[in-house]
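This report refers to the structure that appears directly beneath it.
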Amino acid sequence: PGQITPGSIISDACVTYSNLEELNTRVKPTIDDLIRNTDFFSHYRLPLYSKTCPFWNDDNGICGNYACAVSTIDDEKDIPLAWRADELSKLQGPKAEHPGKKAQKERPQRPLQGSLGEDVGESCVVEYDDECDERDYCVPEDESAGAKGVYVSLVQNPERFTGYGGESAKMVWDAIYRENCFNKASFPESAGLGMSSSNSMGPAAQDFRAVLQNVGRQQALTQTESSLAPMTTVEDECLEKRVFFRVVSGMHASISTHICWDYLNQTSGEWQHNLQCYEDRIHTHPERISNLYFNYALITRAISKIGPYLEDYTFCTGDPSQDNATKAKVAAVVQAALKQPEIFDESLMFKNGEGPSLKQEFKDNFRNISRIMDCVSCDKCRLWGKLQVNGYGSALKVLFEFDNQSGEIPVLSRTELVALFNLYGRLSSSVNAITKFREMLEAKTAAE
Ligand code: FAD
């Protein structure tokens, strides 16, 4: 195995695109099985309609396309047992009750060798506060029985092309990239999110684009053989800021990949793979591919790290055989993810230079991205946008708030767990789609 240097948190000698694609051939069947075939992981509850965009008025951005609509589960009897409100309240007890922020801080540290919650999984915890725990990277999606959340089947509402775009989507992406602006005071034009009048890319975002472009050139990517580690030669930007940008850009690249992979041909009315879309949005931007694979590595590491703590987790099915089946499927994903050790070394972050002082800002910026999701005016895109941001927030919590020394485990709610594993499923699909698109492109070039 190659060395992990401070500038490269992925070991460049060991992790290449082809390594990750090979890993993904083992991961994909297991993660697909988990997120498609278990009630717990195939459903989600979130405040999809009850929050308005806190940053600008987007009345004109409503997406009226049929493909933007989400089909929600409106009848309690159609909600799987694992997600029913009565099941949640039944499980509310001294152990499962949300400890509240004050109590959480006072709580003694849990032993390293334990489950997330003894007997009753933390997933059963009813969360009735909508504020952040200090360790959260996301604004929590309230899953309490009385909250204005909706239940959705993720399988019934796949992430794919919806036709959402134009100024509204551009404003959202623009706002998201502005969150790359650390030390906001030094960028008065883009401080905070009071930037609704401008639709153009902010200066901070442009800086990061420039950083990324440099990276792209230095990498001289040949997709399959390139390592994911580079960025060591980029000047002036510390590791933490680069990681932040890569996460955001990788998430964007993954969404674009799904749009191209599951594309509606508006002339024929057929869903198909759109190679031209892939070429335009992904293939000709190698840095986007690099960031997407980087995210795959990051989430693989988070899954491997949380995995052992899920062995005794109760998945709230109210049915022991379903619970065991879910556990076995989770274990299969974790086993597959563990096949690539030393994939990402999070211990190098927030350590040197300005790193420690950046942690709070990193968190705050990520929380802002989570709030920006309420500005996505296509319901289906908002559903998957919120879920994926929650998934990244959960992964960052696992990676950076999980103290290996003390053994303190961060509390992960059910929505966080479901988001994390579904995010892994999305990234796994993206890596698979990129592999296939590349083959299609090679075949096309050979035929010309
Ligand atoms: P966009 O993807 O809108 O990109 C805007 C600009 O950002 C580009 O011009 C480029 O300069 C830059 N950019 C693009 N990709 C990257 C990258 N990876 N890294 C860095 N910079 C980049 N549409 C759907 O059809 N289905 C969905 O499920 C869906 N989900 C969405 C979720 C969210 C949160 C958002 C904000 C939008 C979503 N959209 C979805 C819309 C979609 O992402 C695009 O905005 C839309 O298809 C228009 O694409 P575009 O080619 O104009 O560029």
Side-chain angles (χ1 to χ4, degrees), residues 46 48 53 55-56 58 61 63-70 138 152 154 157-180 199-202 204-216 242 244-266 271 274 276-296 366 368-392 422-423 426-427 429-430 433-434:
L46 78 167
L48 188 61
C53 171
F55 305 115
W56 61 80
D58 200 22
C63 178
N65 295 342
Y66 175 73
C68 285
V70 170
C138 267
V152 288
L154 298 170
N157 294 281
E159 185 196 27
R160 58 185 181 183
F161 174 82
T162 61
Y164 174 56
E167 281 308 305
S168 174
K170 199 165 173 293
M171 269 177 83
V172 176
W173 283 124
D174 193 7
I176 290 173
Y177 283 107
R178 280 172 195 265
E179 286 307 317
N180 286 305
N199 288 339
S200 61
M201 208 52 81
Q206 280 164 4
D207 282 355
F208 275 94
R209 290 282 153 74
V211 167
L212 206 64
Q213 242 103 76
N214 284 338
V215 172
R242 284 179 275 135
F244 193 96
F245 179 78
R246 296 191 90 171
V247 168
V248 173
S249 170
M251 174 176 84
H252 193 167
S254 179
I255 291 173
S256 302
T257 304
H258 292 131
I259 295 173
C260 302
W261 186 247
D262 245 332
Y263 195 89
L264 180 66
N265 180 329
Q266 279 141 305
W271 289 94
N274 186 333
Q276 190 60 50
C277 170
Y278 164 74
E279 279 190 76
D280 295 343
R281 297 188 191 213
I282 306 290
H283 192 75
T284 47
H285 303 271
E287 74 284 359
R288 295 181 189 172
I289 299 179
S290 171
N291 294 335
L292 194 160
Y293 279 59
F294 175 88
N295 283 4
Y296 183 84
F366 207 83
N368 259 346
I369 291 183
S370 140
R371 292 191 185 96
I372 294 168
M373 286 300 128
D374 284 310
C375 303
V376 174
S377 49
C378 146
D379 295 347
K380 179 85 70 69
C381 313
R382 189 164 67 254
L383 162 64
W384 283 101
K386 274 171 165 277
L387 181 141
Q388 288 174 85
V389 169
N390 194 6
Y392 284 110
N422 272 278
L423 169 64
R426 292 288 70 208
L427 289 166
S429 291
S430 290
I434 286 183

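First listed ligand is number 1; within each ligand, the first listed atom is number 1.
Listed by number with element, the atoms of ligand 1 under 4.0 Å from a non-hydrogen atom of Ala253 are 18 (N). Residue Ala169 approaches ligand 1 through these ligand atoms, each under 4.0 Å from one of its heavy atoms: 45 (O). Near Gly163, the atoms of ligand 1 lying under 4.0 angstrom from a non-hydrogen atom of the residue are 25 (O). The distance from ligand 1 to the heavy atoms of Val376 drops below 4.0 Å at these ligand atoms: 34 (C). Atoms of ligand 1 found under 4.0 Å from any heavy atom of Glu159 (numbered from 1 in listed order, with element): 28 (O). Atoms of ligand 1 found under 4.0 Å from any heavy atom of Thr162, numbered from 1 in the order shown, are 23 (N), 24 (C), 25 (O), 26 (N). Below 4.0 Å from some heavy atom of Ile255 lie the following atoms of ligand 1, by number and element: 29 (C), 30 (N), 31 (C), 32 (C).
For the residue pair Arg371/Asn368, the side-chain donor-acceptor check at 3.5 Å is satisfied. For the residue pair Gln276 and Asp280, a side-chain donor N or O sits within less than 3.5 Å of a side-chain acceptor on the partner.
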Going through the checks in order, is the disulfide bond (SG atoms under 2.5 Å apart) test met by Cys277 and Cys260?
CA-CA 5 Å; Cys277 170; Cys260 302; 2.0 Å; yes
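Classified by interplanar angle (parallel below 30°, tilted 30° to 60°, perpendicular above 60°), the ring pair Phe366/Tyr392 is perpendicular.
The nearest non-hydrogen atom to atom 50 (P) of ligand 1, considering only His285, Arg281, Arg246, comes from Arg281. Comparing Phe161, Tyr177, Trp173, Phe245 by heavy-atom distance to atom 20 (C) of ligand 1, the nearest is Tyr177.
Proximity of a side-chain donor or acceptor of Ser430 to a complementary backbone N or O of Arg426 within less than 3.5 Å is detected.
Between Ile255 and Trp384 the shortest side-chain heavy-atom distance does not fall below 4.5 Å.
Scanning for side-chain contact (heavy atoms from CB on, under 4.5 Å) contacts around Ser256 gives His252, Arg281, Ile282, with sequence neighbours left out. With sequence neighbours left out, Asp262 forms a salt bridge (Lys or Arg N to Asp or Glu O under 4.0 Å) with no residue at all.
Taking a 4.0 Å cut-off on heavy atoms, Lys380 fails to register as neighbouring ligand 1.
Contact annotation: for Val172 versus ligand 1, heavy atoms closer than 4.0 Å belong to the side chain alone. If you look at Met373 next to ligand 1, the close heavy atoms, those under 4.0 Å, all belong to the side chain. Contact annotation: for Arg160 versus ligand 1, heavy atoms closer than 4.0 Å belong to the backbone alone.
Applying side-chain contact (heavy atoms from CB on, under 4.5 Å) to Tyr164 and the options Val172, Asp379, Ile259 leaves one that passes, Val172.
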